[in-house]
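Below: the structure, in structure tokens.
The figures that follow rest on heavy atoms only: side chains count, while hydrogens, waters and symmetry mates do not.
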Amino acid sequence: HPDEIPKVRQRYTARISGRPARKQYETIALRKDGSAVPVELTAAATTWRGRLADVIIVRDITPQKRSQARLLEEQEINDRLRREVEERRRAEVALRASEERFRDVAEASGEYIFELDSTARLTYVSERVVTVLGYSPEELLGRTPHEFNVSDRHARRVQDLLELNDLPHEVRVLEQHAVRRDGSHVWLQVHIMTRRDDSGAIKGYRGTALDITTERLALAALQRRDAI
């Protein structure tokens with residue numbers, strides 16, 4: 001997209017010249033028909049035939065953007081319902097219907113949904129987690145996401161993210177290197193937001209996680225090939 005060209009060019013130039021630059025970021029691309037599409041660029045400087053080059057993987061993140069938008073929309077709906085509906089039973093019925101619609105949208109895009117309490121322990125996990133991590137939802141309840149991290153470094157990143165609570169409806173994004181039940185590793189792209197009660201106190205977190213192992217392995221393979 002023309003508006004994104006300066007940002008992409010600046011980061012490309014920084015990588016090629018050896019300066020610090022983000023290796024993964026979101027931008028807007030244009031399809032052949034001229035329509036805009038949100039994409040995630042994963043780039044790394046390498047050497048090709050004796051010359052500096054840039055290896056770039058482009059991933060269409062339209063489903064994830066729709067899921068994020070839906071997550072924000074459902075959070076706003078839920079907050080409004082809590083304020084407007086005086087009768088608790090009616091509010092709970094409307095909330096369950098809203099969350100069911102969100103689960104349908106998120107799982108259709110390949111993500112599993114989770115909810116954490118204020119101590120970051122899992123209180124809900126959707127069935128899709130069986131496909132991604134190999135655990136049943138029941139096995140995960142009461143546990144923390146930190147327990148599945150490959151390294152302490154990733155655990156600290158998750159904890160740091162949860163401590164950024166100044167913007168209650170901001171969707172934060174991170175990658176988590178996790179261990180499946182069978183011991184194999186998986187890369188997850190996690191979108192998470194803070195949940196608050198009517199008084200503004202934190203009551204937990206809600207988010208989605210998507211398996212991006214294929215993309216990570218593809219990038220690593222390209223880098224190994226070009227390093228030869």
Side-chain angles (χ1 to χ4, degrees), residues 1 4-5 7-33 35-68 105-114 126 128-135 145 148-158 161 171-192 207-228:
H1 192 281
E4 296 291 293
I5 290 176
K7 176 178 71 177
V8 175
R9 180 180 292 131
Q10 180 184 36
R11 291 174 179 173
Y12 164 78
T13 302
R15 283 192 302 275
I16 292 298
S17 62
R19 298 196 307 272
R22 292 183 61 182
K23 295 182 178 179
Q24 188 176 73
Y25 59 94
E26 296 179 3
T27 186
I28 304 296
L30 292 180
R31 294 189 178 95
K32 186 177 180 180
D33 62 6
S35 60
V37 56
V39 296
E40 180 183 79
L41 298 186
T42 303
T46 185
T47 302
W48 174 254
R49 296 181 178 178
R51 299 178 60 186
L52 288 175
D54 212 25
V55 178
I56 300 176
I57 294 179
V58 181
R59 184 166 68 93
D60 182 352
I61 56 173
T62 302
Q64 285 70 50
K65 285 297 184 181
R66 289 173 179 168
S67 180
Q68 290 180 43
V105 171
E107 297 209 3
S109 67
E111 298 169 294
Y112 72 82
I113 305 164
F114 62 88
S126 65
R128 176 74 66 174
V129 74
V130 178
T131 303
V132 179
L133 293 180
Y135 292 94
F148 308 100
N149 283 296
V150 171
S151 68
D152 291 339
R153 178 172 61 87
H154 284 93
R156 287 194 297 273
R157 287 184 63 193
V158 174
L161 191 79
V171 176
R172 302 180 181 91
V173 184
L174 78 157
E175 288 188 0
Q176 181 182 6
H177 195 190
V179 181
R180 293 188 177 99
R181 191 175 190 219
D182 62 8
S184 61
H185 292 183
V186 58
W187 281 96
L188 303 175
Q189 186 176 73
V190 180
H191 296 81
I192 190 168
T208 62
L210 176 70
D211 183 350
I212 59 169
T213 306
T214 300
E215 290 84 349
R216 290 293 302 237
L217 293 178
L219 177 60
L222 282 173
Q223 292 174 327
R224 287 195 300 270
R225 185 197 68 183
D226 294 335
I228 297 176

Rounded at 0.5 Å granularity, tell me how far [atom1] in [X] sits from [atom2] in [Y].
| X | Y | atom1 | atom2 | result |
| --- | --- | --- | --- | --- |
| S67 | E111 | OG | CD | 4.0 Å |
| I56 | R11 | CD1 | CZ | 12.0 Å |
| N149 | Q176 | CG | CD | 4.5 Å |
| R216 | D211 | CZ | CG | 12.0 Å |
| Q68 | T208 | CD | OG1 | 7.5 Å |
| I192 | L174 | CD1 | CG | 7.5 Å |

Item to complete: Hey, could you give me each pair passing salt bridge (charged side-chain N to carboxylate O under 4.0 Å, His left out) that has a residue in residues 36-48? Not counting sequence neighbours.
Response: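 As it turns out, the salt bridge (charged side-chain N to carboxylate O under 4.0 Å, His left out) pairs with a partner in residues 36-48, which skip direct neighbours, are E40-R59.
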Minimum heavy-atom separation for [X] and [Y], please, with both atom names.
| X | Y | value |
| --- | --- | --- |
| D60 | P38 | OD1-O, 3.4 Å |
| R180 | Y135 | C-CE1, 4.1 Å |
| A209 | F114 | N-CE2, 4.3 Å |
| A178 | L133 | CB-CD2, 4.4 Å |

Discussion item. Looking at R9, is its backbone amide N or carbonyl O close enough to the side chain of T13 to form a donor-acceptor pair, meaning the two atoms are under 3.5 Å apart?
Written reply: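 At least one qualifying donor-acceptor pair exists.
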Fill in: Parallel, tilted or perpendicular: ring planes of H185 versus H177, cut at 30 and 60 degrees
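H185 and H177: perpendicular rings.
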Fill in: Close side-chain approach of Y112 and V130, heavy atoms under 4.5 Å
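No, every pair of side-chain atoms sits at 4.5 Å or beyond.
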Discussion item. Are V179 and S184 packed together at the side-chain level, in the sense that at least one heavy-atom pair is separated by less than 4.5 angstrom?
Written reply: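 Side chain of V179 against side chain of S184, heavy atoms only: no contact under 4.5 Å found.
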Fill in: Pair T42-E215, side chain to side chain donor-acceptor pair (under 3.5 Å): steps then yes or no
CA-CA 9 Å; T42 303; E215 290 84 349; over 6 Å; no
Practice prompt. Quick one: list whatever passes side-chain hydrogen bond (donor to acceptor under 3.5 Å, both in side chains) with E26, sequence neighbours left out.
Written response: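 Per chain and number, E26 pairs via side-chain hydrogen bond (donor to acceptor under 3.5 Å, both in side chains) with K65.
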